[in-house]
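Values below: all heavy atoms of this structure, side chains included; hydrogens, waters and symmetry mates excluded. Just so you know, residue 1 is the first one in the sequence shown, and it goes up from there.
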Amino acid sequence: MTTGFSSNSCRFADYFVICGLDTESGLEPDELSALCQYIEATKFRDGARGLASADEGENFEQSPLRRTFKSKVLAHYPENVEWSPFDQDAVGMLCMPKGLAFRTQADTREPQFHSFIITREDGSRTYGFALTFYEEVTSKQICSAMQTLYHMHNAEQYDILHTPTTPRCPEDQRHLHPHPLNPHPQHTLLPTPSISRLQRFNSYDISRDTLYVSKCICLIAPMAFPQACRKVLQQLHQAVSSPQPPPLPLESYVYNILYEVPLPPAGRSLKFSGVYGPVVCQRPSTAELPLFDFPISQVFELLGVENVLQLFTCALLEIQILLYSQHYQRLMTVAESITALMFPFQWQHVYVPILPASLLHFLDAPVPYLMGLHSNGEGDRTKLELPQEANLCFVDIDNHFIELPEDLPLFPNKLEFIQEISEVLLAFGVSPEGNPLHSQGQAKHRSFRSTDMVTDRRNGNLASSPLNSYLLRENETIARLQALVKRTGVSLEKLDVREDASSNKDLKVQCDEEELKMHQLNIQVREVFANRFTQMFADYEVFVIQPSQDKESWFSNRDQMQNFDKASFLSDQPEPYLPFLSRFLETQMFASFIDSKILCHDDEDKEHTLRVFDSRVDKIRMLNVRTPTLRTSMYQTCTNIDEAEKAIEMRVVKIDHTALHPHLLDMKIGQGRYEHGFFPRLQSDVLSTGPVSNKWAKRSAPAQWRRKDRQKQHAEHLYLDNDQREKYIQEARNLGTTIRQPKLSNLSPSVIAQTNWKFVEGLLKECRNKTKRMLVEKMGREAVELGHGEVSITGVEENTLIASLCDLLERIWSHGLQVKQGKSALWSHLLHYQESKEKTDAAPAGLGPPGLIHDIERRKSDAGAALAPLKVSLIRDMRHIQNIGEIKTDVGKARAWVRLSMEKKLLSRHLKKLLSDHELTKKLYKRYAFLRCDDEKEQFLYHLLSFNAVDYFCFTNVFTTIMIPYHVLVIPSKKLGGSMFTANPWVCVSGELAETGVLQVPKHTQEITFECQNLGKLTTVQMGHDNSGLYAKWLVEYVMVRNEITGHAYKFPCGRWLGKGVDDGSLERVLVGELVTPNSENEDRMCRTPPMQQSPGMMRRFVTISPNSKPKLNTSQIQEGVGEAINGIVKHFHKPEKERGSLTLLLCGEYGLVWALEQVFQHGFKSPRLFKNVFIWDFLEKSQVYFESAEQREVTPDENWQTRVRHFCRFMRAINSTSRNIGKDGKFQMLVCLGARDHLLHHWIALLADCPITVQMYEDTALIKDRSLVNSLIRVLQTLQEFNITLEASLVKGIGI
């Protein structure tokens, strides 16, 4: 039936185009592509590769048959369509991206089909479908021009090859010439096959050879139906090339496809007539996945599941992607498939699946892109000079090969995901490993489906294991499948057995089976991919931050706004997902997706993808009614494949619409005739306008409606529904993508300059946003935590942000490079700088310990003044990185250097220094490069300077296994004769990652430099001496330890004696330290937990050295102290594990738990006569003696009491019997730490409060004798019971409990 169509349907095709050789203008070399080749050649000449270049000409002096000549759009019908203006430049470039090609009868001349895409400035797309074939050249002028070119060429080649300056062996020559150019058979050095090739390629003899030239017919359509368009074009070509003329003139068929075939409405199928047979196409309904008509199976055959998944991950993380193939259609299929599989997300950046030769400078673009580059099939990957590779995913489609950027995170549940995809592919007889050869010949066994086998087995026709049957063993493809099946453990038994449409005899399918298979495989693979996102983001709506203000103001402040609660979302995710998800949430595509969610409140204005996605998410929620925040890493396979497949099958079983048949047009007699074998120019008068009465063409509708229409219909691909959305896409979020799409036009220098200017502006904007985002993360966390607390941003997130900063730096450094060297542009610039500086600095350096400068006056006020400051040196930091053997690649080295500079707060300063060498920058960069735009460069460095406001440990925390030199300096007290000290001191330094073991310190200098594996952030220093010599008493002020690579210095306050018979008789102490800020201005603000107390170590020194002068704290101050200490520990455990700081600091540091309990026991302690110190430990030992004797006397109040007493005595004995020489205060510290670890402190306080010894040793006003105060103290200590406290080894060395 022929039907009227719904009001918003449109024409199937907008234009029919013919491109080819314009005989009037003759042979024009394609300057732009020639220019590209010329540039390549000059690169060789400038010795970029270090080759002496005797034969400069060889790269662009192609043999004439292999040169590119300009192709022209010869005709297009109709002249123009208002809703889709004809873009002559773009169509010409993309129909024949390499220009015209010539062949002789000796070459293959198979017609080639490819599709392409034109993206307009506003982001809307038009698709093109082109069939390129060869026609004989009839023009005598063209033939003789070609002959002349050959004569000239051969003469030049003869000269070049016979000059003595080429000592190159022919072997080299073969590799260097894209096509062997030697026309002289007497060079018998060349292996014989290449001689015959030479003769074939290079001979064009006008008398003997027939010359052919390429021509292209093309349909420009609003939606992508490649399968249907391919059939239409092939049938049109067949009509011209077959001996019998077609039933009707060509004009009738072209008129029919342009004016009488509509787009199928959503959810319907359409049948129309080609020249020789029917063509069927269908379009998914609004509840299904968007239209996609390219064969996904081909992508898996070409690359294999593993590679496809890696490429998919790169695309999701917006890494630059370059596809490389000698088949345009492959480039297009891979690009379109990858972007289609991203549903519900959309690629937001430059998207040029086929990059015409003349636009190669776009590879310089410092923005994320997905581009396809045509290889001529000869040169290999190594010949390809790409401007930046640090963050590039390079996909060599024809060779089944993919090059990935470093540290690419794994896609969540990757293995199960691969398994699920493989099962789908195997069911269609496609090998999950990929099989490039398979996809070249039209699939031999494509019609085989292993599910048919399984169905057959159910009917009792086959042996029990379907893949072991004889039938299958006959067939090599299946043999390979079998091996793979064994290896991947995919059991074909459990393959989903669906009734195959083709096996159901009662279903009459209206399209060929090949095509139905393609649709079935497509929808299954796409459903499996879409299901991953619906599972992963099932509860995303909970985390969307709805704006409080109206949409207008939300638009204008879009950059500053957070639209998604990333931290909360990530905290719900399974650990293994985090590396991928934390990076994915930072992408433009995710931000745009959430923005569109915010913009569309009700279902009506939701764009298509969002509506489909949300309905699926709701379904999942209904299925697993679980709490919205509970995430599991259980792999949920896809369940809605069947219904999706049913919908497709139903549409092809019963065709919904049939278009009008082609018919004779009103043409004059004699029109419409043409010569056999040549595609003619058609009669433009009959093709210029469509029928008047067409119900669906809506020619009368005002243009604005048609524009709305175009947008509606793009809603399926590009999802631009209303003006506001269009405005939003333009303005709101082009973070760093100021240039959405390259304009495919004739590129004048001014256009190129303008493009580059846009890039520079985009880079600067991106830098501003990145630095801001990183600072807000850091500072926001710091500020939120009640004015202080550890700097806390999750390790994963911090790494993500820093990695994306490194990518940005790489993109900036590779913009406008003169010559590319190495994969990392930043590192290569640094190496050039290092080289030039080392030449100038060859002067002898001063002696002295490394990294120390002696002539700097030590500032007394500086806490770190005791250590001479490290010299700030970019080169030295580079050497540190070069010495790390674990980092093998340039990209890795650049990243490590950036991390180190961030940690040292020198990034901006170092880069400023690097760029201050203007001569070098000029030598390495073109005039338009970002690094040579002075204002932008200044602003960029200024943005980076803001990182100095926060502390990063992004180097220390990442390179955990490298060797690092540390410098330790012990500062003895000036007052009390440190100089007479005779014993041998030692230290042992511990950090979050490791500890050093005992290191002897020379007693006269009391400083030492040693190298050991990265200790991480430092936490404690154990120090002591061996008590030898006459005067083995040592009063230590503090100890300084510095990491000599990152420059972080830690101060460990002591302020106590070490020696027998002095202070508490301790020979060793455990000191707790913290990071010191190097600059004296804010010397009093410690970095770790701002603000720290005035002067470390003072309190305890007063308390213990002279008991009479101790500052009296009243009971409420003591209670407050205990509360604060416990509070610190509780807050510590409420942070995510990766963000916690040092627990040791909270237990034993200033105002920590040990100090607080010390105050409790000091309060009201009876002091004996002058000069005799009594320590808390003495009281505890007396209590222990009392408890033990009470136990023996069996004066036991109750069972509970006994257990508590037993524990207390056991710990006291263990600590007293330790071999370590720790004093009484050290023992008290150890007891408190162990009590906290085993949750016994509150029991012990209760015991001691009731102990008769307390009555003797404490005054009546003492806190420990006040019932109510003791009870509240016990309650506070009980809050520690829910935490699992692990102690650092240095705190409990030598205790076996």
Pair [X], [Y]: side-chain N/O donor-acceptor within cut-off below 3.5 Å:
X	Y	result
Glu406	Thr889	yes
Ser824	Glu810	yes
Asn413	Tyr577	yes
His349	Gln588	no

Residues in side chain to side chain donor-acceptor pair (under 3.5 Å) with [X], at least two apart?
X	value
Asn883	none
His1132	none
Gln882	Gln834

Could you tell me whether [X] and [Y] have their ring centroids closer than 6.0 angstrom?
X	Y	answer
Tyr351	Tyr369	no
Phe401	Tyr324	no
Phe529	Phe343	no

Minimum heavy-atom distance [X]-[Y], with the two atoms named:
X	Y	value
Ile338	Ala315	CG2-CB, 3.7 Å
Leu870	Gly1047	CD1-CA, 3.5 Å
Val299	Val334	CG2-CA, 4.0 Å
Lys597	Leu610	CA-CD2, 3.7 Å
Thr956	Thr960	O-CG2, 4.1 Å
Ala825	Trp813	CB-O, 3.5 Å

Residue pairs, two or more places apart or on separate chains, that pass ring-ring contact (aromatic ring centres under 6.0 Å, His included) and touch residues 883-913 =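 Checked against ring-ring contact (aromatic ring centres under 6.0 Å, His included) - neighbours excluded - the pairs reaching residues 883-913 are Trp897-His910.
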
Do NZ/NE/NH1/NH2 and the carboxylate oxygens of [X] and [Y] come within less than 4.0 Å?
X	Y	result
Asp890	Arg895	no
Lys837	Glu835	no
Glu766	Arg811	yes
Glu936	Lys765	no

Please identify each residue that fulfils ring pair (Phe, Tyr, Trp, His ring centres under 6.0 Å) with [X], with sequence neighbours left out.
X	answer
Tyr942	none
Tyr928	His815
Phe959	Phe955
Tyr540	Phe593, Phe613

What is the distance from atom [atom1] of [X] to atom [atom2] of [Y], rounded to the nearest 0.5 Å?
X	Y	atom1	atom2	answer
Leu805	Leu944	CG	CG	6.5 Å
Leu311	Glu306	CG	CD	12.0 Å
Leu900	Arg876	CG	CZ	12.5 Å
Leu404	Ile319	CG	CD1	8.5 Å
Leu945	Ser908	CG	OG	4.5 Å
Ile812	Phe940	CD1	CZ	4.0 Å

For the pair [X] (side chain) and [Y] (backbone), establish whether a donor and an acceptor sit closer than 3.5 Å, ignoring hydrogens and angles.
X	Y	value
Thr587	Arg583	no
Asp539	Val542	no
Lys926	Leu817	yes
Glu903	Cys954	yes
Gln320	Val367	yes
Asp917	Leu920	yes
Gln348	Gln346	yes

For [X], what residues pass the side-chain contact (heavy atoms from CB on, under 4.5 Å) criterion, not counting sequence neighbours?
X	result
Glu938	none
Lys893	Trp827, Ile881, Ile887
Ser916	none
Arg932	Thr921, Lys922, Tyr925, Arg927

Are any non-hydrogen side-chain atoms of Lys905 and Met902 less than 4.5 angstrom apart?
-> no

Give the intermediate values and the outcome of ring-ring contact (aromatic ring centres under 6.0 Å, His included) for residues Phe930 and Phe759.
-> CA-CA 8 Å; Phe930 182 94; Phe759 282 153; over 10 Å; no

Relative to Phe953, does Lys1017 satisfy both conditions: NZ or CZ under 6.0 angstrom from the six-membered ring centre, and within 45 degrees of the ring's axis?
-> yes

What class does the angle between the rings of Phe345 and Phe590 fall in, given that below 30° is parallel, 30 to 60° is tilted and above 60° is perpendicular?
-> tilted

Tell me, with the steps shown, if Glu416 and Arg532 meet salt bridge (charged side-chain N to carboxylate O under 4.0 Å, His left out).
-> CA-CA 11 Å; Glu416 295 96 322; Arg532 288 297 353 106; over 6 Å; no

Going through the distances and angles, do Met371 and Ile321 end up as a side-chain contact (heavy atoms from CB on, under 4.5 Å)?
-> CA-CA 6 Å; Met371 300 206 219; Ile321 296 173; over 6 Å; no

For the side-chain contact (heavy atoms from CB on, under 4.5 Å) test, which of Leu993, Ile1045, Thr961 pairs with Asn1014?
-> Leu993

Please test Phe533 against Leu316 for side-chain contact (heavy atoms from CB on, under 4.5 Å), starting from the C-alpha separation and ending with a verdict.
-> CA-CA 12 Å; Phe533 289 120; Leu316 289 170; 3.7 Å; yes

Heavy atoms from other residues, nucleotides or ligands near NZ of Lys414 exceed 12 (cutoff 6.0 Å) = yes

Stepwise side-chain contact (heavy atoms from CB on, under 4.5 Å) check, Leu323 with Leu370 = CA-CA 8 Å; Leu323 308 172; Leu370 202 167; 3.9 Å; yes

